[in-house]
Amino acid sequence: MSDIDTLAAEADRSIAAAPDLMALEALRVTLLGKQGSISALLKTLGAMPPEVRQVEGPRIHAAREGVTAALTARKDALEAAALDERLATETLDLTLPARETPRGAIHPVSQVMDELAEIFADMGFAVATGPEIEDDWHNFTALNMPETHPARAMHDTFYFPDQMAAGGGKMLLRTHTSPVQIRTMVSQGAPVRIIAPGRVYRSDSDATHTPMFHQIEGLVIDKGIHLGHLKWTLETFLKAFFERDDIVLRLRPSYFPFTEPSVEVDVGWEEVGGRRVLGGSGDDPGHGWMELLGSGMVNPRVLEFCGLDPAEWQGFAFGVGVDRLAMLKYAMDDLRAFFDGDLRWLRHYGFSALDVPTLSTGVGARA
Ligand code: DAH
């Protein structure tokens with residue numbers, strides 16, 4: 001065996017035996033470094049007569065390549081073994097208590113939805129949900145808005161141009177949470193006592209309108225339900241939500257296709273330090289009324305669409321903007337800031353993750 005073969009064979013053996021990455025690196029330097037043994041062999045090429053170099057040159061280069069490949073293979077193997085060992089020994093126990101208090105904040109919309117769920121749970125309401133991608137039938141038709149109904153035009157609907165619902169009809173982004181009324185009645189029949197919070201979409205954008213916003217729907221279906229139940233429920237809800245006993249409501253006749261009669265609910269406010277604060281009768285001096293939500297007795301036609309007999313079942317429904325409620329309660333004036341994702345805004349208006357709203361500690365406790 002020539003020097004080259006001996007050297008290469010020895011190199012291979014020590015590379016294969018290198019116990020760790022540090023030993024391997026030391027070997028690399030000994031073999032391929034400036035003063036390394038393979039490098040020394042390469043240097044001998046210059047002094048060789050051409051015919052010898054023609055034979056020895058390729059052998060020395062082959063030896064260098066072989067050693068380089070062996071080093072790389074060993075390095076990969078050692079790294080893989082190190083990773084396996086780390087994976088086997090390093091475990092993360094997610095059940096351990098956090099060492100630091102959580103960072104980040106709960107968005108006011110999430111907080112308000114939690115507050116609403118808490119308030120309504122206390123009145124026996126369950127939380128229902130429905131899809132944000134809806135079909136025409138649930139969003140409009142079953143809510144007593146046939147294709148030709150003018151109220152449809154007011155909704156500035158986002159349609160999916162290339163998608164059709166299974167039973168025909170267009171697919172769309174729901175324009176309100178009212179289709180959850182339909183889905184709930186169809187799937188669970190009566191009686192019903194639900195709220196349905198969620199995202200809704202309309203092609204609209206300015207300081208008080210964003211293409212996506214949040215609503216909460218309420219629906220009660222039972223026997224002998226009348227407008228008095230609606231008024232009591234809304235009063236109880238708004239007093240708990242705004243944490244004031246002097247919330248005064250004014251019910252105004254209105255029109256929604258899915259309720260009959262329909263009432264728009266105004267709430268009295270007074271001016272405090274240049275801001276409108278809810279409380280008191282809007283008719284009192286220095287006070288006014290602001291429109292807060294839509295509601296009414298569920299239209300018998302809607303009950304029929306859902307397979308319920310209007311002679312047996314009655315109910316009321318309401319729908320209110322969650323963002324609007326949050327703005328009123330926590331004194332925020334630009335709706336667009338809700339969805340900008342600006343950390344300064346989130347830190348300022350956000351809530352602590354541990355500030356879970358409960359009726360006993362107050363649904364509005366600030367972080
Ligand atoms: N869906 C209506 C809207 O988005 C709000 C509404 C009004 C909901 C009256 C109701 C209701 O349930 O009874 O404008």
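Here the structure is a predicted model, which is why all the values come from computation and not from measurement.
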Quick check on Glu85: does its CD atom have over 12 non-hydrogen neighbours (other residues, nucleotides or ligands) under 6.0 Å away?
no
Side chain of Ser39, backbone of Gln35: donor and acceptor closer than 3.5 Å?
no
Would Arg28 and Glu25 count as a salt bridge (Lys or Arg N to Asp or Glu O under 4.0 Å) here? Give the steps.
CA-CA 5 Å; Arg28 189 192 64 78; Glu25 174 59 13; 2.9 Å; yes
Audit row: Trp232, His226, ring-ring contact (aromatic ring centres under 6.0 Å, His included) steps and yes/no
CA-CA 10 Å; Trp232 179 87; His226 54 73; over 10 Å; no
What pairs of residues pass the ring pair (Phe, Tyr, Trp, His ring centres under 6.0 Å) test when at least one of them lies in residues 179-214, not counting sequence neighbours?
His214-Phe339
Could you list all the ring pair (Phe, Tyr, Trp, His ring centres under 6.0 Å) pairs where at least one residue sits in residues 274-318, not counting sequence neighbours?
Phe120-Phe318
Got a sec: does the CZ of Arg152 have more than 12 other heavy atoms crowding it under 6.0 Å?
yes
Between Glu56 and Arg59, is there a side-chain N and carboxylate O pair less than 4.0 Å apart?
yes
Decide if atom CD1 of Ile133 counts as having more than 12 heavy atoms of other residues, nucleotides or ligands within a radius under 6.0 Å.
no
Do Leu328 and Trp269 touch side chain to side chain, with heavy atoms closer than 4.5 Å?
no
Side chain Asp222, main chain Pro191, donor-acceptor under 3.5 Å
no
Count the heavy atoms belonging to other residues, nucleotides or ligands that lie under 6.0 Å from NZ of Lys34, then report whether that count exceeds 12.
no
Are the side chains of Val186 and Ile182 in touch, meaning some heavy atoms are under 4.5 Å apart?
yes
Phe237 vs Phe241 aromatic rings, parallel, tilted or perpendicular, using cut-offs 30° and 60°?
tilted
Same cluster or not: are Tyr255 and Leu227 linked, directly or through other Ile, Leu, Val, Met, Phe, Trp or Tyr residues, by side-chain heavy atoms under 4.5 angstrom apart?
no
Partners passing side chain to side chain contact (heavy atoms under 4.5 Å, CB included) against Val55 (at least two apart in sequence or in another chain):
none
Are Thr184 and Ile221 close enough that some pair of their side-chain heavy atoms sits under 4.5 Å apart?
no
Asp334: side chain to side chain donor-acceptor pair (under 3.5 Å) partners, not counting sequence neighbours:
Arg336
List the residues meeting side chain to side chain contact (heavy atoms under 4.5 Å, CB included) with Pro300, not counting sequence neighbours, and say none if there are none.
Pro310
Should Arg183 and Glu134 count as side-chain neighbours, where that means a heavy-atom distance under 4.5 Å?
yes
Near Lys75 NZ, under 6.0 Å, is it more than 12 heavy atoms from other residues, nucleotides or ligands?
no
For Thr175, does its backbone N or O pair with a side-chain atom of Asn139 as donor and acceptor, under 3.5 Å?
yes
With rounding to the nearest 0.5 angstrom, report the CE to CD distance, Met297 to Glu260.
11.0 Å
What is the ring orientation for His107 with Trp345, classed by angle as parallel under 30°, tilted 30 to 60°, or perpendicular over 60°?
tilted
Partner set under side chain to side chain donor-acceptor pair (under 3.5 Å) for Arg202, not counting sequence neighbours
none
Sub-4.5 Å side-chain heavy-atom contact between Leu292 and Leu325
yes
May I ask you to test the Leu234-Leu251 pair for a side-chain heavy-atom distance under 4.5 Å?
no
Could you tell me whether the side chain of Leu238 reaches within less than 4.5 Å of the side chain of Arg244, counting heavy atoms only?
no
Is there a side-chain contact between Lys329 and Glu243 in this structure, where contact means two heavy atoms from C-beta onward sitting under 4.5 Å apart?
yes
